[in-house]
Undergrad: 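Dumping the structure here so I can ask a few things about it.
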Amino acid sequence: MEQGEYTLSEREFTRIKARVYDVAGISLSNAKRTLVVSRLSKIVRALNLPSFDAYVDFLERGGSSKDGQDFVNALTTNLTRFYREDHHFDHLRTHVASLIAGKPRGSRLRLWSAGCSTGQEPYTIALDLLDAFPELKRWDFKILATDIDTAVIARAAQGIYPQSELSGLSADRARPFERQADGTIRVPAAAREIVAFKPLNLIGPWPMKGPFDAIFCRNVAIYFDKQTQGEVFGRFAKMVAPEGFLYIGHSENLGSGGDAFRLVGKTIYQMRETPNKRVAA
Ligand SMILES: C[S@@+](CC[C@H](N)C(=O)[O-])C[C@H]1O[C@@H](n2cnc3c(N)ncnc32)[C@H](O)[C@@H]1O
């Protein structure tokens, strides 16, 4: 077998699907079979195990926390880019403009990028808002960026990307990135300092209290089944500030988690008005 890939039986695939669903809420379709084989074969070989069955047995017996994390990291899909679905950033700018107009300098502004992958989403928010509102440097402005995949979180925290990440961006959007001697680009320190990257499983406990003036959870729930989607989106209702917004991915909807929200734009939600709470239009 050496450098080749291991054979994945139907039973082994079922066990792997069950495990990644249990630990991460990720529902792998049968179309992901090839991906599972190619991504997990490397790990199984490195552990010197004879088969996927032996690998799942090993994980079920406990493995180490690193082994469990490597399994999840291998099965996430991390596709992202700067200014993805950029109508959300236009909308956020309008929201932040009204917060700035209505609050004293130095006020708190908290945003959450949930399922941030390699960081392009939270850095886009930071770059875009700092550019539009330089006065935010004097605000208590922080972005929490979380993901279940510890490998992407570690890369995101560096803020270093290949030059190709800038293709498709306007000159104005590309300008703030620092060009490095090795040909890579780096997110400027002013934006990096605002973003705190932390590992967080959205189907586990959430240690932070909020509230957040806006939450981005885009193209993450697409990997969950309907029930998990509803549960996760429903939990965001407790974390969004009364006049804050929830932004989700272009192909997603809130499903059973949508009771507390009303749709105010393309995949943009705000909390429903309650008798005790006034919600901005
Ligand atoms: C396709 S990326 C989306 C990145 C970014 N939000 C965007 O829209 O460009 C999906 C991310 O969701 C993360 N993810 C999947 N299951 C998760 C879970 N249970 N908890 C937290 N993050 C999860 C993956 O690790 C991956 O980085």
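Note that ligands are numbered from 1 as they come in the structure, with each ligand's atoms numbered from 1 the same way.
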Undergrad: Should the pair Y55 and F58 be assigned to parallel (<30°), tilted (30 to 60°) or perpendicular (>60°) ring geometry?
TA: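 Rings of Y55 and F58: parallel, under 30°.
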Undergrad: Enumerate donor-acceptor pairs with a distance under 3.5 Å from any side-chain N or O in residues 203-212 to protein atoms, sequence neighbours excluded.
TA:
unit_1	atom_1	unit_2	atom_2	d
W206	NE1	L202	O	3.1

Undergrad: Measure from every N or O atom of ligand 1 to the protein's N or O atoms and keep only the pairs below 3.5 Å, writing each with atom names and distance to 0.1 Å.
TA:
unit_1	atom_1	unit_2	atom_2	d
ligand 1	6 (N)	G115	O	2.8
ligand 1	6 (N)	E121	OE1	3.0
ligand 1	6 (N)	R218	O	2.9
ligand 1	8 (O)	R84	NH1	3.3
ligand 1	8 (O)	R218	O	3.0
ligand 1	8 (O)	N219	ND2	2.8
ligand 1	9 (O)	T80	OG1	2.6
ligand 1	9 (O)	R84	NH1	2.7
ligand 1	19 (N)	A24	O	2.8
ligand 1	19 (N)	N201	OD1	3.0
ligand 1	20 (N)	L202	N	2.9
ligand 1	22 (N)	I148	N	3.3
ligand 1	25 (O)	D147	OD1	2.6
ligand 1	27 (O)	N78	ND2	2.9
ligand 1	27 (O)	D147	OD1	3.4
ligand 1	27 (O)	D147	OD2	2.7

Undergrad: Could you check L92, V240, V264, D213 and say which one makes a side chain to side chain contact (heavy atoms under 4.5 Å, CB included) with F245?
TA: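 Of all the options given, the one that passes is V264.
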Undergrad: If only side-chain N and O atoms count, and only distance matters, is there a donor-acceptor pair under 3.5 Å linking D53 with S51?
TA: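 No - no donor-acceptor pair under 3.5 Å links their side chains.
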Undergrad: Are Y123 and F177 close enough that their ring centres sit under 6.0 Å apart?
TA: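 No, the ring of Y123 stays outside the 6.0 Å limit from the ring of F177, centre to centre.
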Undergrad: Roughly how far apart are I148 CD1 and T76 OG1, rounded to 0.5 Å?
TA: 8.5 Å
